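Numbers restart at 1 for each chain; the letters A, B, ... are given by sequence-line order, proteins then strands. Note that this is a predicted model, so its numbers are computed, not measured.
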Protein chains: 2
Amino acid sequence: MISFTEENYLKAIYHLIEQEGEAVTTNAIAEKINTKAASVTDMLKKLSDKKLINYQKYQGVTLTPKGEKTALNIIRKQRLWEMFLVEKLDFKWDEVHDAAEQLEHIKSDKLIEQLDKFLNYPKVDPHGDPIPDAKGRLQIQKSHLLSKFKKNDVCIMTGVVDHSPAFLQYLDKSGITLGNEIKIKEIIEFDRSLQIITGRQKTIFISNDVAKNILVIAK
Amino acid sequence: MISFTEENYLKAIYHLIEQEGEAVTTNAIAEKINTKAASVTDMLKKLSDKKLINYQKYQGVTLTPKGEKTALNIIRKQRLWEMFLVEKLDFKWDEVHDAAEQLEHIKSDKLIEQLDKFLNYPKVDPHGDPIPDAKGRLQIQKSHLLSKFKKNDVCIMTGVVDHSPAFLQYLDKSGITLGNEIKIKEIIEFDRSLQIITGRQKTIFISNDVAKNILVIAK
DNA sequence: ATATTATTTTAGACTAGTCTAAAAGTTATT
DNA sequence: AATAACTTTTAGACTAGTCTAAAATAATAT
Ligand SMILES: [Mn+2]
Ligand SMILES: [Mn+2]
Ligand SMILES: [Mn+2]
Ligand SMILES: [Mn+2]
């Protein structure tokens, strides 16, 4: 049996590996999960004993196949619950985090299977992140940062990098919405800020910092 | 903050008081919650410190107003989640227990408020048990045991005493369903077993043991 | 190549929740 | 009223998860 806490560690490790592309450090996990490095070391030993991670002192951590499968199952549950909250209970995309963080730990195969069906087998969650299937298979999206595009490019918004409520609320306020078309009208050389035209035909200005947190695919 | 475990104790104490009508014993709690008496004593001290129960050594336990309110809130969540599982995810009434037992501990006021709305403010759960409102108010049903009725009485099924899957499945198989009419055709003196006519006009025989676990209101 | 700095691990302690075994208290029986 | 039987509490130990402070290791800079 895998505990609530172990699940949170596995998910954190998964995301850090995804982000960094290599073995993750004790400190990185501690920061992500809001604990101290000493606590992380203890947990790494435990996860290693359970064959969920590959761990050697001072060498950082990767997930075993079993660990990755477990992590993906938690992520599947988290994203399905987020979808439920937004689609059925009228949560905004910036409001789902805390509840989903708890709901992802509910243990019931039937529940998650039926939830998936009830939501009509969604492929992505409210933030555009892909939802792993029951076997932990993930459909990789080949989206890019909006900041990488050029003047007059037209693209479709598919996701966000930063998931913080502050950023999501800023996008709402600016009318930048998942699935919408974005056309780059102008790029200011000086600071690489952008002038874009959103779905609702409004021209808005966004900083390069913002553009680096918006995922799109070329149209 | 009230922990997962404390919540389970409060709910158990609430149900035992409801059942027995008086202060509940350490052993009764231990049995209900599947722990040892020594563990219960430890927890009783903790709950007493938090002013959730009235507890004096060897004297049994009652809930304070704060404790009762907390218990009713957990019961509200449990029953709303049961309703969700049955109404939206096609769970049978005998399948909801394990998942609801976990879901009742999810902490999010908005979630439960919206869930209530999504389910259209149900008054009773899939077992006919009343759902407390957001303020912990409970609508008391004045239903009676089917075993208390007489020959030729007609009544409506409103609930069950025993909630075990085995009993619920037996009722399903016998076509005894919440909301259905039940007419008492005959009572066998010898063992107080009943011959009844259910909604679907079928005559069936049930033991007194079964009749004592079916709640009805006179029609 | 050595010294300094940063990271990681160990040691030891704490809390929540659980257990077994023994002691204390209550209730029932003679 | 004394004894027996049962219930409840205490004492002490264990696990999971966390922490601080110190020790060990690795990385960086001189
Ligand atoms: Mn979580
Ligand atoms: Mn998401
Ligand atoms: Mn529970
Ligand atoms: Mn119920």
Engineer: Counting only side-chain nitrogens and oxygens, does A/K57 get under 4.0 Å of the OP1 or OP2 atom of D/dA26?
Structural biologist: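 The answer is no; no side-chain N or O of A/K57 sits under 4.0 Å from OP1 or OP2.
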Engineer: Is the distance from OP1 or OP2 of D/dT9 to the nearest side-chain N or O of B/T26 less than 4.0 Å?
Structural biologist: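 Answer yes for this pair, as a side-chain N or O of B/T26 is under 4.0 Å from OP1 or OP2.
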Engineer: Any luck finding a side-chain donor-acceptor pair between B/T62 and B/N54 under 3.5 Å?
Structural biologist: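 Their side chains do contain a donor-acceptor pair, which is all the 3.5 Å distance test asks for.
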Engineer: Between C1' on D/dT8 and OH on B/Y55, what's the gap in Å once rounded to a whole number?
Structural biologist: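 Whole-Å distance recorded here is 7 Å.
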Engineer: So does A/N27 get a side-chain nitrogen or oxygen closer than 4.0 Å to the phosphate oxygens (OP1/OP2) of C/dA6?
Structural biologist: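 Result: no.
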Engineer: Any heavy-atom pair between the side chains of A/N213 and A/Y170 that's under 4.5 Å?
Structural biologist: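 Contact flag for A/Y170/A/N213 side chains = no.
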Engineer: Can you see whether B/F118 has B/K88 sitting over its ring - NZ or CZ less than 6.0 Å from the centre and within 45° of the normal?
Structural biologist: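 Yes, cation above the ring, under 6.0 Å and within 45°.
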Engineer: Between A/L80 and A/I131, is there a side-chain heavy-atom distance shorter than 4.5 Å?
Structural biologist: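 Yes; the side chains approach each other to less than 4.5 Å.
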Engineer: Rounding to an integer number of Å, can you tell me how far A/Q59 CD sits from D/dA24 P?
Structural biologist: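 In whole Å, D/dA24 P lies 18 Å from A/Q59 CD.
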Engineer: What is the distance from CG of A/L44 to P of C/dT8, rounded to the nearest Å?
Structural biologist: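 Roughly 10 Å, once rounded to whole Å.
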Engineer: Of the options B/I182, B/I214, B/I188, B/L146, which is the one that meets B/L194 in a side chain to side chain contact (heavy atoms under 4.5 Å, CB included)?
Structural biologist: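 Answer after filtering B/I182, B/I214, B/I188, B/L146: B/L146.
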Engineer: Within the 4.0 Å limit for protein heavy atoms, which parts of nucleotides 11-23 of chain D are touched? Write it as a string from 5' to 3', B for base, S for sugar-phosphate only, - for none.
Structural biologist: -----SSBBB---
Engineer: Determine whether the aromatic ring centres of residues B/F84 and A/F84 are separated by less than 6.0 angstrom.
Structural biologist: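 For A/F84 and B/F84, the ring centres are under 6.0 Å apart.
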